[in-house]
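Please read the structure below before turning to the comments.
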Amino acid sequence: MSRRRGIPWLAFTCVALILFLYAPLAVATIYAFNSGTRLVWPPEGVSLRWFGHVFGDELFRNAFATSMTAAVATAVVSSSIGTVAAIVFTRRSTKLARLVEALGRLPVMLPPLFVGIGFVALMKATSLAPSMLTIVAGHTIVVIPFVILVVTARLRTYEVEVEQAARDLGATPLQVIGRITLPIIAPAVFGAFLVAFAFSFDELLITNFTSGTQSTVPIYVLGRLRRLVDPGANAVAVILLLIPWIAFGVGQVVLKRFTGSGLSDALLQQGR
Amino acid sequence: MTDMRAEGRAAMSDGNRRRIDDELGTAARGALATRGVTKRYGSIVAVDGVDLDLPAGSFFSLLGPSGCGKTTLLRIIAGLEQPDGGTIHVDGLDITRQPPERRPFNMVFQRYALFPHLSVFDNVVFGLTTAGSERPPKAEARRRVGDMLTLVGLDGYERRWPSQLSGGQQQRVAVARALIRHPRVLLLDEPMSALDRNVRHQVREELLRIHSELGTTFLLVTHDQDEALSISGTVGLMNNGRLEQVANPEGLYRHPATLFAARFIGAGTFLDVAVGARSPGIAEVDLGGIRFGAEDTGLTGDRATVLLRPEEVKVTDPGAGRIDGRIVTCAFFGSYYELTASTACGTFRLRDTHLRAPGEAIAVTWPETAGIAYVPSAAASAATDDIAPLGASEA
């Protein structure tokens, strides 16, 4: 007991860290529910007027729709391609598969700015117009390695013998994937889907280069902050914060319902 | 043992048994043979030209130390590995090139490999719903799952999850899952290695009962000689990818064909002796002046290694035996004590019914004709402590 009291530095560090991490979040959230028009301390009252204000803005509604579409598309595309890739990489150990696996991981280390500039160059070269397609492509490139990482981890933690047992019981290779592999890795795939969704929803850097005239929520909030600093920007920030959380919560409920184990189990323990 | 098996058989209703017999209708099928099966991993030859012959309905064990190629051979038979050479036949049909889902075998995996996302029912019924299966109507499939769970003693467990079962129960589910397809041969890969000792005993009885009830050919792979000797009708001893000896358990224990077999199966004393006169079947051997007759396994040269089983060697008073010595260790095994005694001619391993204190002066003796003489291996000469583990195996 006395030994524990002897380390005030530990307590100090913890408090400082938590403050440092969460103070901006707390301030932004508090101002989002502020009823006043200026960002002054203390806030003048509690209201939802800034959320109403933001949602009343057609520009925001368009940006929100664009972001949602891009995020869902990115999540679908990247989790499908990433899952297939992960299955191939873990079940085939040819040199080619290993090379492609290494190449597939590389984009994690690419600066988003580089990806963005690359897309500009590519669009110029191919006279491809910025569109939803280019937004989704840019996000997918960066997020696929995460999908591969998460799904591969799950594929490597359960026994390959389970798949061999299915073969032994008369299943074709395709049936093994459909009835054994995919159901077992489903929580991990769904987790990766949500990570991709959340990443895409608040991605700003690449989107800046690939979206053209379309505005996403992050681009909208940046443009709005350039013009004026009001609690409306904080409201948008809170929306940006909540969307991935809501997605995670829905995922947790859905998975618990269908597989008996939640998303947090899938992401945290990655095993049986 | 016999009693328990009979009891188990009685536990299954007559109707049940008749139905299973009808569906099988194949008691005579299930003869498995391999010819020259070979598998290499790089420069290592894991399986080296193995010829196996399992008559239909037999219970055959592949026994051997880890790395001897027995599991690889089983996986080749199951179709999970492709052999580099040789063929596999079932009831005269060459199935070497068939994928696993089309072979008339089913396997019980070492760690059971139950489908973690499926209930016990769905695990067991799986083999009836796949592309390569007969796909019976739902009601019949349900009945057959019920029959199988009855057979392995897990009635009413249909809705449990694999993670809710004990190791022994998971193993039974794995057996039921494999048997529901009425395989001509049931392949068992170290099925008891993950079980506690007392559960293992129970599972052994269960497997024997199921085997006698169904008449399916069983091929079991194990490194545990107690398991192999106590459960199977025939044992194939493997070493370095080759079949060292194929015999019934008693034959393997009493007449190991090679020095490797002698060292691997059971316990014993190994003596380095000089070879004297040889008559058919018996060689006169000389252990530092002590002469006796030993079974001749085709000796060449003038030296031999003789195996004496513990039960052949007796303890007597000092001076009254063939050679004097002192007790080194005395271990209690219930109905007997296992002793080691050091003598001028090496360490003897023997059994006695009396407790003896370490250091006690004794003599050891053995009959006029005892033991088996082998051509000594280059690696091991001299009476040696390099003997099989204490208390291993009573056949």
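Proteins come first, then strands; the chains are lettered A, B, ... in the order of their sequence lines, and each starts at number 1. What you are looking at is a predicted structure, and each value in this text was computed from that prediction instead of being measured. Keep in mind that the numbers below use all heavy atoms, side chains included, and drop hydrogens, waters and symmetry copies.
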Return yes if some donor-acceptor pair links the side-chain N/O of B/His117 with the main-chain N/O of A/Arg179 below 3.5 Å, else return no. yes
Could you state the interatomic distance from CZ (B/Arg103) to CZ (A/Arg167), rounded to the nearest 0.5 Å? 10.5 Å
Side chain, backbone, both or neither of A/Gln175 within contact of chain B (heavy atoms, under 4.5 Å): side chain
Are side-chain heavy atoms of B/Arg75 and A/Gln164 found at a separation under 4.5 Å? yes
So for atom CZ, which belongs to B/Phe59, do other residues, nucleotides or ligands contribute more than 12 heavy atoms lying within a distance under 6.0 Å? yes
Using a cut-off of 6.0 Å, state whether more than 12 heavy atoms not belonging to A/Phe119 lie near its atom CZ. yes
Of the backbone (N, CA, C, O) and the side chain (C-beta and beyond), which part of B/Phe105 lies under 4.5 Å from a heavy atom of chain A, both, or neither? backbone
Heavy atoms from other residues, nucleotides or ligands near CZ of A/Arg156 exceed 12 (cutoff 6.0 Å): yes
Looking at chain B, which one of A/Leu169, A/Thr172, A/Ile180 has the largest number of heavy-atom pairs inside 4.5 Å, strictly under? A/Leu169
Where does B/Arg102 contact chain A at under 4.5 Å (heavy atoms): side chain, backbone, both or neither? neither
Checking B/Thr129 against chain A: side chain, backbone, both or neither under 4.5 Å from a heavy atom? both
If only atom types and distance count, is the side chain of A/Asp168 paired as donor or acceptor with the main-chain N or O of B/Glu101 below 3.5 Å? no
Heavy-atom closest contact (B/Ala113 atom, A/Ala165 atom, distance): O-CB, 3.9 Å
Shortest non-hydrogen separation from B/Gln110 to A/Glu161 and the atoms involved: N-OE1, 4.5 Å
Does atom CG of A/Leu174 have more than 12 heavy-atom neighbours, drawn from other residues, nucleotides or ligands, at distances under 6.0 Å? no
